[in-house]
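Notes for the one structure printed next.
Quick note on labels: first sequence line is chain A, next is B, and so on, each numbered from 1.
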Amino acid sequence: MPEENYPSNFIRNIIRQDVADGKNAGQVVTRFPPEPNGFLHIGHAKAICLSFGMAEEFAGNTYLRFDDTNPIKEDAEFMHAIQRDIAWLGFEWLEIRHASDYFEQLYQFAEQFIEQGKAYVDSCSADEMRTNRGTLTKPGIDSPYRNRSVDENLTLFRQMRAGEFADGEHILRLKIDMAAANINMRDPAIYRIRHVTHHQTGDAWCIYPLYDYTHCISDALEGITHSLCDLSFEAHRPLYDWILDELKMSCHPQQIEFSRLNLQFTVMSKRKLKQLVEENLVDGWDDPRLPTIAGLRRKGYTPDSIRDFCRRIGVTKSDNNVELASLESCIRDALGDTAPRVMGVLDPIKIIIDNYPQGQVEMLDVANHPKNEAMGKRAIHFTRELYIDREDFRESANRKYKRLVAGGEVRLRYGYVIRANEVIKDADDNIVTVHCTYDDATLGKNPVDRKVKGVIHWVSADYAHAAEIRLYQPLFKVDFPDTAEEDYHELINSDALTIKQGFVEHSLSTASSEDRFQFEREGYFCLDSKDSSPDALVFNRIVGLRDTWAKIEKKA
RNA sequence: UGGGGUGUCGCCAAGCGGUAAGGCACAAGGUUUUGAUCCUUGCAUGCGCAGGUUCGAAUCCUGCCACCCCAGCCA
């Protein structure tokens, strides 16, 4: 992906200007701060490409910082998955940090706030606090505990830390302005009591700092220059700046917000993804139907294709609803030039070539790629009995249908022209076998006396391997389930996974799960990294080929 | 009805006072032993709406309208 192809965006422009102006000594330091409470998804990929990408472009660094301030929601298991996904996307962090690394410093700063009369221990209940906060249009009112003395606050806060109170009994708040138009400035809570074990700090703490307080200080301690986050934090920026200003931190990162990605036919909220996993509506966080990075990886997407997608969608502050077609275009682009071509039949019917000698096997030397000779050749088996796809045969059809029709001819890809003579059906009227004859003068050349318009793919019935082939459709039946009226459970597409029992050409028996193939005329496929084994092949369809025929058919 | 944002082609998105980039999608042709790829062409007298400033406005000003975010001891 050549750099000059990157479209500009407003954040890149800001950073470029800062660097040109010598701000922060011309350095760029960013951070990616996931909370370890779930897997990363394609929306995070956008943020990752931005934060890591900006540091990369301006020769800076990026910290991977786990935002682990809420132990009741988080789990160390997610940290490994997150690291794997970022590394897989191809980004390198300078260092891994945890917000919890700063717990002691954060605590000391809190005492400092208390000593300056800028923080106080409130002993209201959560309900009282909510009531006193006011509403969007009504100012809040001061807590009765707002004017406790510095000494009393310090004593209480130290007792909080010492574990002398139960959860919820007290809370530490910043003393800002209960009448502020921005609700986030109405004496925000910064420390709450939680008697729970933390996955990083164990039982060292029973008070935990909140996001608004933790994030800006963590950024400053790491020397972050540009703190990029999504638009939902925009209204928190005044608080971010207030805290760092009050603390007179020598480093004051610039927070810049951008809009999050909305992608068609999926959900992007961690809460919903977590539910889908926990309610077993999908097969884990890496289910190929999910928009998680792990899911896309398992489905067969390449890191490049995802980075290309993030480049194509851009970075702005406007709401966006990106079409799935845009993502699919990226993976087709990535695989078109690189994926070796092979043949596989998803829904087989048998072809018997009656005039082809019984027991004869011809090895056909075929190119692995139609344009790239460097990708070499392989041999495929041609035999008397073959499988073709059910879609590629009709007993009767109009002229537009270019495949095998009873009484008509079609080219077998890389092989001979065959003619369909007789259709054999089972008791339920399903086509089972088609008896054909072949023209032995048509290997590698066209018949001179007639035109054969169609080409279909096939595999040898004797040499092909049976394979389970998993086809994926969008997980949701509507464009944007997140904004739909109904409960999203109602909108789940029960046909999102279709399993086919098909056959793939012999050469695929040595495929590895890293390989990606184009099954000619079908789409791009790869081995399922979890469920496939050499004696029970399982393929995932990454994406279908662009299907002009389907459009023609639909119109008719 | 408080505060903060956003509105440029069906979708994404450049543009930042000099007369609407690009990608996706779509459409029409060409090449093709993948109805794929590739190639060519087309696709906003118009930039949420209405006024105004200017020789000139998507870009500046004014006023509307629509949509999004914020009232967790979540992040």
Give a yes or no answer on whether the side chain of A:Tyr213 reaches the backbone of A:Leu106 with a donor-acceptor pair at less than 3.5 Å. yes
Would you say whether A:Tyr211 stacks on B:A75? The test is a distance between ring centres of less than 5.5 Å and an angle between planes of less than 30°. no
Heavy atoms only, 4.0 Å cut-off, all strands: where does A:Tyr208 land among base, sugar-phosphate and nothing? nothing
Just N and O in the side chain of A:Arg133: are any of them under 4.0 Å from OP1 or OP2 of B:G72? yes
NA contact type, A:Cys124, heavy-atom cut-off 4.0 Å: base, sugar-phosphate, or nothing? base
Establish whether the base of B:A75 is bridged to the side chain of A:His236 by a donor-acceptor pair shorter than 3.5 Å. yes
Reckon A:Arg403 touches a base, only the sugar-phosphate, or nothing at all at heavy-atom distances under 4.0 Å? base
Whom does B:C55 pair with, Watson-Crick or G-U wobble, provided both distances fall under 3.5 Å? B:G18
So, A:Glu409 and A:Arg419, do they make that salt bridge, N to O below 4.0 Å? yes
What pairs of residues pass the salt bridge (charged side-chain N to carboxylate O under 4.0 Å, His left out) test when at least one of them lies in residues 156-171 of chain A, not counting sequence neighbours? A:Glu104-A:Arg161, A:Glu111-A:Arg158
Please determine, for B:G2, whether a Watson-Crick or G-U wobble partner exists with both distances under 3.5 Å, and give it or none. B:C70
Have A:His236 and A:Asp212 got a donor and an acceptor in their side chains that come within less than 3.5 Å? yes
Between B:G4, B:A28, B:C24, which nucleotide gets closest to the side-chain atoms of A:Lys555? B:A28
Is there a side-chain contact between A:Arg411 and A:Asn446 in this structure, where contact means two heavy atoms from C-beta onward sitting under 4.5 Å apart? yes
Please determine which of A:Asp347, A:Val459, A:Leu404, A:Ile456 meets the side-chain contact (heavy atoms from CB on, under 4.5 Å) test together with A:Asp389. A:Asp347
Between A:Arg194 and B:C74, is there a contact of a side-chain N or O with OP1 or OP2 at under 4.0 Å? yes
Candidate nucleotides B:G5, B:C24, B:U34, ranked by approach to the side chain of A:Glu234 - the nearest: B:G5
Please work out if A:Leu210 contacts a base, only the sugar-phosphate, or nothing of the nucleic acid, heavy-atom cut-off 4.0 Å. sugar-phosphate
For A:Trp205 and A:Phe103, take the angle between the two ring planes, folded into 0 to 90°, and tell me which bin it lands in: parallel under 30, tilted 30 to 60, perpendicular over 60. perpendicular
Just to be sure I understand the rule, does A:Phe10 reach a base, reach only the sugar-phosphate, or reach nothing, if contact means heavy atoms closer than 4.0 Å? nothing
So which protein nitrogen or oxygen atoms get under 3.5 Å of nucleotides 1-3 of chain B's nitrogens or oxygens?
from, atom 1, to, atom 2, distance (Å)
B:G2, N9, A:Leu136, O, 3.2
B:G2, N3, A:Leu136, O, 3.1

When the side chains of residues 35-42 of chain A are checked against the rest of the protein, which donor-acceptor pairs come out under 3.5 Å, sequence neighbours left out?
from, atom 1, to, atom 2, distance (Å)
A:Glu35, OE1, A:Asn37, ND2, 3.0
A:Asn37, OD1, A:Lys270, NZ, 2.7
A:His41, ND1, A:Gly43, N, 2.9
A:His41, ND1, A:His44, N, 3.4
A:His41, NE2, A:Met268, O, 2.9

For residues 545-554 of chain A, which residue pairs pass the side chain to side chain donor-acceptor pair (under 3.5 Å) check, not counting sequence neighbours? A:Arg394-A:Glu553
Expected rows: protein N/O vs nucleotides 8-12 of chain B N/O, under 3.5 Å:
from, atom 1, to, atom 2, distance (Å)
B:G10, N2, A:Glu323, OE1, 2.9
B:C11, O4', A:Glu323, OE2, 3.3
B:C11, O3', A:Asn321, O, 3.2
B:C11, O2', A:Asn321, O, 2.6
B:C12, OP1, A:Asn321, N, 3.1
B:C12, O2', A:Ile313, O, 2.8

Determine whether a donor-acceptor pair (one donor, one acceptor, N or O, separation below 3.5 Å) exists between the side chain of A:Gln518 and the base of B:U34. yes
Side chains of A:Tyr208 and A:Arg192: closer than 4.5 Å at any heavy-atom pair? yes
Kindly give the atom pairs (protein nitrogen or oxygen, nucleotide nitrogen or oxygen) under 3.5 Å for nucleotides 37-41 of chain B.
from, atom 1, to, atom 2, distance (Å)
B:U37, OP2, A:Arg546, NH1, 2.9
B:U37, O2', A:Lys371, NZ, 3.4
B:U37, O2, A:Lys371, NZ, 2.7
B:C38, O4', A:Lys371, NZ, 2.9

Within less than 4.0 Å of OP1 or OP2 of B:G35, is there a side-chain N or O belonging to A:Arg521? yes
Considering every strand shown, what is the Watson-Crick or G-U wobble mate of B:A25 when both distances are under 3.5 Å? none
Using a 4.0 Å heavy-atom cut-off, does A:Lys317 contact any base of the nucleic acid, only the sugar-phosphate backbone, or nothing at all? sugar-phosphate
Is the distance between the ring centroids of A:Tyr240 and A:Phe233 under 6.0 Å? no
Opposite nucleotide pairing with B:C49, Watson-Crick or G-U, both atom distances under 3.5 Å: B:G63
Taken to the nearest whole Å, CZ/A:Arg311 to P/B:G22 is 15 Å
Under 4.0 Å between any heavy atoms, over every strand shown, what does A:Ala126 touch: base, sugar-phosphate, or nothing? Just pick one. base
Does A:Tyr211 have its ring centroid less than 6.0 Å away from the ring centroid of A:His215? yes
